[in-house]
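A quick write-up on the structure given underneath.
Here the structure is a predicted model, which is why all the values come from computation and not from measurement. Below, each value reflects all heavy atoms present in this structure, side chains not excepted, and no hydrogens, waters or symmetry copies. Order of listing sets the numbers, starting from 1, for every ligand and every atom in it.
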Amino acid sequence: MSFKDKIVKEKVPQHVAIIMDGNGRWAKKHGKQRYEGHYQGVESVRKITEAAAEIGVKYLTLYAFSTENWRRPKEEVDALMHLFVQTIEKELPTLNKNNIRLRAIGDIESLPEENIKRLKETIAKTEKNNKMDLILALSYSGRWEIVDAVRKIMKDREKGLIKPEDIDEKVFARYLNTAGIPDPELLIRTSGELRISNYLLWQIAYTELYVTKKLWPDFGKEDFYKAIVDFQNRERRFGMTGEQIKGS
Ligand code: FPP
């Protein structure tokens with residue numbers, strides 16, 4: 001029996017976030033260059049996007065490039081930038097056919113100019129799609145996003161649009177890149193590392209974590225469904241007792 005058959009439709013998480021890790025190790029294991037691991041990783045992106053849309057996930061957020069990834073060798077950064085733009089342009093017809101809207105979070109303006117232009121153009125061409133949002137975290141980090149939100153709040157304060165006493169968690173969240181997007185219920189990390197790596201720090205306060213040893217290029221649809229089933233078998237308490245949850 002496939003894990004897909006065990007998924008309870010009514011309990012599919014609305015938002016799944018993924019740390020796609022292990023492309024480099026996959027390449028090494030297969031005697032290939034690191035960039036070949038990233039190319040293979042694109043195949044997993046394709047499969048998992050399809051799998052998520054098939055079961056009714058509404059938001060899929062993929063950690064494609066962190067602010068810290070800029071420290072990698074220039075050739076790898078250049079190869080990744082090229083890969084992102086090339087992939088999304090190539091996948092545009094499939095995204096539209098499957099009614100998937102592409103979005104990006106992160107310090108997009110720090111990307112090379114040509115990439116920003118092509119990224120924005122492709123995003124605009126999927127704007128009307130509404131089955132699932134595929135959100136790419138590009139030049140993203142959770143701390144950067146929080147600092148960015150504080151800057152925006154201070155600018156609004158200068159304009160007299162907000163007062164300190166107006167700020168609560170809901171208002172603050174509106175200044176994040178993920179404004180309007182529900183927090184992820186499930187965060188999947190591949191390659192076995194037990195770290196958050198500066199990903200969605202604000203949003204994952206109550207997110208369930210799922211770590212698999214599979215390297216990202218080896219992570220397929222069945223692995224994704226297995227993570228969903230594992231999530232569905234958990235009890236999410238949000239600080240309450242198990243009895244309170246059962247009673248509600
Ligand atoms: C982490 O593996 C992976 C990345 C930093 C890049 C992820 C990019 C892709 C999967 C391509 C995705 C393309 C699109 C369009 C979203 P790593 O290099 O850190 O692996 P390692 O830890 O084994 O060295």
Side-chain angles (χ1 to χ4, degrees), residues 16-53 57 59-96 98 100-108 110-112 114-116 118-123 125-126 132-142 144 187-200 211-221 223-224:
V16 178
I18 306 186
I19 301 178
M20 311 180 288
D21 196 14
N23 293 351
R25 273 162 285 168
W26 183 92
K28 199 169 176 191
K29 198 170 126 190
H30 292 83
K32 294 177 189 284
Q33 301 285 322
R34 286 183 62 82
Y35 78 88
E36 294 179 274
H38 297 314
Y39 274 77
Q40 199 58 38
V42 171
E43 294 308 314
S44 295
V45 170
R46 199 173 286 134
K47 286 184 216 158
I48 302 312
T49 303
E50 200 179 288
V57 169
Y59 303 90
L60 178 68
T61 306
L62 304 178
Y63 207 1
F65 195 86
S66 71
T67 49
E68 289 80 17
N69 285 151
W70 289 111
R71 297 190 203 131
R72 292 194 174 196
K74 188 180 177 314
E75 312 79 71
E76 185 172 344
V77 171
D78 289 348
L80 276 169
M81 290 298 149
H82 176 70
L83 184 61
F84 295 143
V85 174
Q86 190 199 44
T87 305
I88 58 168
E89 286 178 345
K90 196 168 143 229
E91 295 301 322
L92 180 63
T94 318
L95 291 171
N96 282 335
N98 292 290
I100 296 171
R101 178 178 170 202
L102 187 68
R103 298 172 70 170
I105 55 169
D107 189 7
I108 304 304
S110 69
L111 299 177
E114 174 68 13
N115 293 46
I116 301 175
R118 287 166 66 184
L119 181 72
K120 286 185 177 169
E121 278 169 8
T122 314
I123 286 175
K125 288 178 187 157
T126 68
M132 184 181 85
D133 283 7
L134 172 63
I135 306 161
L136 300 182
L138 283 168
S139 192
Y140 174 87
S141 84
W144 168 82
L187 168 62
I188 300 173
R189 179 167 191 148
T190 58
S191 97
E193 309 289 349
L194 300 173
R195 280 193 291 278
I196 295 301
S197 299
N198 215 348
Y199 192 37
L200 301 172
V211 177
T212 167
K213 286 215 163 74
K214 284 250 173 130
L215 304 174
W216 177 250
D218 291 328
F219 190 76
K221 283 187 168 192
D223 300 303
F224 180 76

Side chain to side chain donor-acceptor pair (under 3.5 Å) assessment of Ser191 paired with Trp216: CA-CA 7 Å; Ser191 97; Trp216 177 250; over 6 Å; no
Parallel, tilted or perpendicular, as decided by the 30° and 60° cut-offs, for the rings of Tyr199 and Tyr63: parallel
Residue part near ligand 1, for Leu136, under 4.0 Å between non-hydrogen atoms: side chain
Proximal ligand 1 atoms for Asn69, defined as those under 4.0 Å from one of its heavy atoms: 5 (C)
Under 3.5 Å donor-acceptor, Ser141 side chain and Asn198 backbone: no
Ligand-residue contact atoms, ligand 1 with Gly24, heavy atoms, under 4.0 Å: 17 (P), 18 (O), 20 (O), 21 (P), 23 (O), 24 (O)
Distance filter under 4.0 Å to Thr87 heavy atoms, resulting ligand 1 atoms: 15 (C)
Close N or O approach (Asp21, ligand 1; < 3.5 Å): yes
Part of Trp216 with heavy atoms under 4.0 Å of ligand 1, whether side chain, backbone, both or neither: side chain
Region of Asn23 engaging ligand 1 - heavy atom pairs below 4.0 Å: both
Nitrogen or oxygen of Arg25 less than 3.5 angstrom from that of ligand 1: yes
N/O separation below 3.5 Å, Arg72 to ligand 1: yes
Parallel, tilted or perpendicular: rings of Trp144 and Tyr140 (30°, 60°): perpendicular
Location of contacts on Arg34 toward ligand 1, heavy atoms closer than 4.0 Å: side chain
Residue selection (non-hydrogen contact nearest atom 12 (C) of ligand 1) among Leu80, Ile88, Val45: Val45
